[in-house]
Structures are given as C-alpha cells and as structure tokens.
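Read the structure below first, then the notes.
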Amino acid sequence: MRFAICAFLLLSTAAIAQPATPAYHVSKTVALGAPDRWDYIVYDSSMHRVYVSHGDRVTVVDGSSGAILGNIQGAMPGGTHGIGISIATGKGYTDDGAAGVAVPFDLKSFKTGKPIKAEKDADGIAFDPTSGHVFVVDGDSEKLTVVDPKSDSAIATVDVGGGLEYAVAGNNGKVYVNGAEKKEIVRIDTASNKVDARWPIPACTSPHGLAIDTANHRLFPTCANNVMMVLNTDTGAVVASLPIGAGTDGAAFDPRRKLIFSSNNDGTLSVISEKDPQTFVSLGSIKTQVTGKNMGIDPDSGRLFVAVADIDPNAAVPVGPNGRPGRPRPLPGSLKLLFLDPGP
C-alpha cells in the first residue's frame, strides 16, 4: 500500500509539473485566394494591418476586422517575399526576388513606386527604426541591400557571405540575419552598414524563422532540424535549445505573455515560454493546418496570423534533392489567413 501511495504521489507531481499548452482558437478565417505561393506575413501595429506576400502581390488585411483593404501589385511579376513598413515616410517596401529589386509602395493608396535595384533573390526585409533604413536580404546573393526611404534609393550593399534567410531589427542600431548556409547569426551595425559580429550556431541546420525579445536581449532562430535556439543578442552566447515542429519558416515573440512561437509546415505552432532570460520551457504545440509555415503577431493583443492552404489531393508530393518529401501542392485558390486568439 505504501508503495502504491508513493507511486501515486510521484505520478501526480509529474502531472502537476507538466506545463500546459496555452489555449488559442481561430476567431476569423480570411480568404485570400490565388496566387497560392506565399511567403512572409508582417503585422504593422501602428495601422493595425496584416501584410501577406503571395505570388505577384501583397494583400493588406485589417488586423481587427479581417477585411481585405487592398492589394499591392503590378510591379512584382517575379514574386514577392518580404515586407517592411516605414511609418515616418508613409511608405512600405516589398521585393521581386526574380528581378532582384525592392519595390516601394504608398501606405494609403497602395500604389507602387519605381523599383530599387537590389540583388538576385531579394527576399526577407527588416525595417530598422534606429537608422530609419530598410534592409533587404538578398538570400542567394549573400548580401543585404540598404534602402533609404527618404530618397527611395539603395545607399549601401553589405556583403555578408553565405546564403541568407530572414532578418530582424534589434532597436539598438543592429540588424540580425540568419546565415542559413553557414549555420550562423550575422549582426549588422546599421550606422556603418558593416558586419560587426558572427556567431556560429552549429546545432541549427539552416536557420529560417527569426524573432527577438529586445527588452531581454534574446534572439530566437528556428531551424530546419526541428529546434529553436536562444541567443544573447549582445554576445552571441547560446542560452538554450528547444524542440519545435517540422518545416519551420517563421517565428514570433509575444512580449506581454513572454511566449515564443515557431510556425511549421507540419500544421503546428510550437510554443516556448520565457520564464526569465535564462530559462525557456517548451509548452507543446497548437494545431493549425498543414502548410502553415509562416506567421505574424499583434504584440498588443497576442493575436497570431498564419497563412494556410488546402492540399490538392490529386497532386503528387514533390521530392527534394535530399530525397525527403517536399511541400505538398496547395489546392488552387484555397489560400487563407487564420486569426488565432489567446483564450478558450
């Protein structure tokens, strides 16, 4: 009997100690339709808008009501990727990866301006509030193009070396870039537009998603080998490594709830809790939908935005160069944006 009681107490303690996955529910589903190739999702807090790049356009959605406000299109036939917002100049920026250009657009009319020469595979975009400049990640070209929104011109090119993915601004005069090819984080000084630090993360295969906690100086790259790393933004020291789902392409940080998310192509959102700057705990995953590889967040309400599409049941799943299954083909016209709100 004593053994049974002890076993019961141990099991009960383990059950109590197991952290619960936070509850989120889909509050809205916004149909975006074709084109069905999509990439980054960026939320702008100042205007409460969600920008979704897909195909040759960026669709602008009201982050509260879910109403579609318009499309930015006509100048990016090769495909859009990143989005950066410069409120002070009333402009936003996207890119055409095939043409290797950045494209400005007016935040009121959504009309596009003259394309700005960048480099081949212009992809992710980060707006740096300290310098007021836009940093375009030219992934395969291994460079960053620095754009001044006041003149709509490229003022510098940063030769980083190695294939690149996403970038985030630290609000401290630094921009942090995923060095996907070399398994590293590269830090850019935005005053000199030069690389001022390289931090190897050998345990992170092809870092794709990237989020940041600017208050606690923590950086969160998500990796193709199903882990999220936590780095000190001042020293590059690795603080933690945690498991996430498969096919990550996006990450986000909720500064109020101290939660970090990885959006995964396997139909999950992995959730990590920041207990303090040195302690990070996995809280499991929230179910979304297969193809939900990228995300955005409203940092005030905690609302999450995930783009998903239905799978074409008649399309063969492609096989990548490594022999692994590739991304399933979406059903044409089925792209939609999920609003996920915290709470039951």
Side-chain angles (χ1 to χ4, degrees), residues 35 37-44 46-47 49 51-60 70-170 173-178 180 186 188-195 210:
R37 182 209 63 78
W38 68 98
D39 207 341
Y40 294 113
I41 302 167
V42 171
Y43 179 78
D44 171 41
S46 60
M47 301 183 80
R49 291 175 173 177
Y51 295 83
V52 184
S53 65
H54 64 118
D56 62 353
R57 68 199 64 187
V58 175
T59 297
V60 188
N71 287 286
I72 301 148
Q73 60 188 121
M76 300 84 66
T80 58
H81 301 276
I83 303 110
I85 306 298
S86 171
I87 291 296
T89 60
K91 299 173 188 174
Y93 294 81
T94 186
D95 51 53
D96 184 319
V101 297
V103 178
F105 60 87
D106 185 89
L107 294 180
K108 292 182 179 179
S109 67
F110 302 148
K111 290 182 179 179
T112 57
K114 183 180 179 180
I116 302 161
K117 185 182 182 307
E119 301 287 340
K120 184 180 178 182
D121 194 36
D123 197 337
I125 294 178
F127 172 75
D128 172 50
T130 305
S131 64
H133 294 158
V134 173
F135 288 74
V136 181
V137 181
D138 306 313
D140 291 345
S141 295
E142 307 178 1
K143 298 176 182 178
L144 299 177
T145 300
V146 186
V147 173
D148 184 352
K150 292 181 180 178
S151 62
D152 272 344
S153 62
I155 60 170
T157 299
V158 185
D159 195 344
V160 179
L164 309 173
E165 266 293 331
Y166 201 55
V168 295
K174 310 291 183 182
V175 163
Y176 303 86
V177 189
N178 273 337
V186 182
I188 311 297
D189 178 77
T190 64
S192 64
N193 292 323
K194 295 183 182 298
V195 174
L210 190 62

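The residues of the chain are indexed from 1 along the displayed sequence.
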task = Test salt bridge (Lys or Arg N to Asp or Glu O under 4.0 Å) on Asp128 and Lys174 and set out the steps.
result = CA-CA 8 Å; Asp128 172 50; Lys174 310 291 183 182; over 6 Å; no
message = Here's a test for you: under side chain to side chain contact (heavy atoms under 4.5 Å, CB included), which of Asp56, Val52, Thr59 qualifies with Asn71?
response =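 The residue from Asp56, Val52, Thr59 that satisfies side chain to side chain contact (heavy atoms under 4.5 Å, CB included) with Asn71 turns out to be Thr59.
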task = Quickly, which of Asp148, Ile125, Val146 forms a side chain to side chain contact (heavy atoms under 4.5 Å, CB included) with Val134? Name it, please.
result =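 So, applying the side chain to side chain contact (heavy atoms under 4.5 Å, CB included) to Val134 and each of Asp148, Ile125, Val146, only Ile125 qualifies.
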Check: [Y] and [X] side chains under 4.5 Å, non-hydrogen atoms:
X      : Y      : value
Ile87  : Ile85  : yes
Val58  : Thr94  : yes
Thr157 : Leu144 : no

Closest contact, heavy atoms only, [X] versus [Y]:
X      : Y      : result
Phe105 : Phe110 : CB-O, 4.3 Å
Leu107 : Ser86  : CD1-O, 4.2 Å
Val103 : Gly113 : CG1-O, 4.3 Å
Asp96  : Gly78  : OD2-N, 2.8 Å
Met76  : Thr112 : SD-CG2, 4.3 Å
Ala169 : Phe127 : CB-O, 3.5 Å

To the nearest 0.5 Å, tell me how far [X] [atom1] sits from [Y] [atom2].
X      : Y      : atom1 : atom2 : answer
Ile41  : Tyr51  : CD1   : OH    : 14.5 Å
Leu164 : Asp123 : CG    : CG    : 9.5 Å
Ile72  : Ile83  : CD1   : CD1   : 8.0 Å
Asp121 : Glu142 : CG    : CD    : 10.5 Å

For [X] and [Y], indicate whether the former's side chain and the latter's backbone hold a donor-acceptor pair under 3.5 Å.
X      : Y      : value
Asp39  : His81  : no
Ser153 : Ile155 : no
Gln73  : Arg57  : no
Arg37  : Thr80  : yes
Thr190 : Gly173 : yes
His54  : Pro35  : yes
Asp138 : Ser141 : no
Lys143 : Glu119 : no
Asn178 : Ala180 : no

message = Please determine whether side-chain contact (heavy atoms from CB on, under 4.5 Å) holds for the pair Asp95 and Val101, giving the CA-CA distance in whole Å, both sets of side-chain angles, and the decisive distance to 0.1 Å.
response = CA-CA 6 Å; Asp95 51 53; Val101 297; over 6 Å; no
request  = May I have the step-by-step check of side-chain contact (heavy atoms from CB on, under 4.5 Å) for Glu165 and Val177, ending in yes or no?
outcome  = CA-CA 7 Å; Glu165 266 293 331; Val177 189; over 6 Å; no
message = Applying side-chain contact (heavy atoms from CB on, under 4.5 Å) to Val60 and Arg49, what does each step give before you reach the verdict?
response = CA-CA 7 Å; Val60 188; Arg49 291 175 173 177; 3.8 Å; yes
task = For this output row, return yes or no: ring centroids of Tyr40 and Tyr166 closer than 6.0 angstrom.
result =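 Yes.
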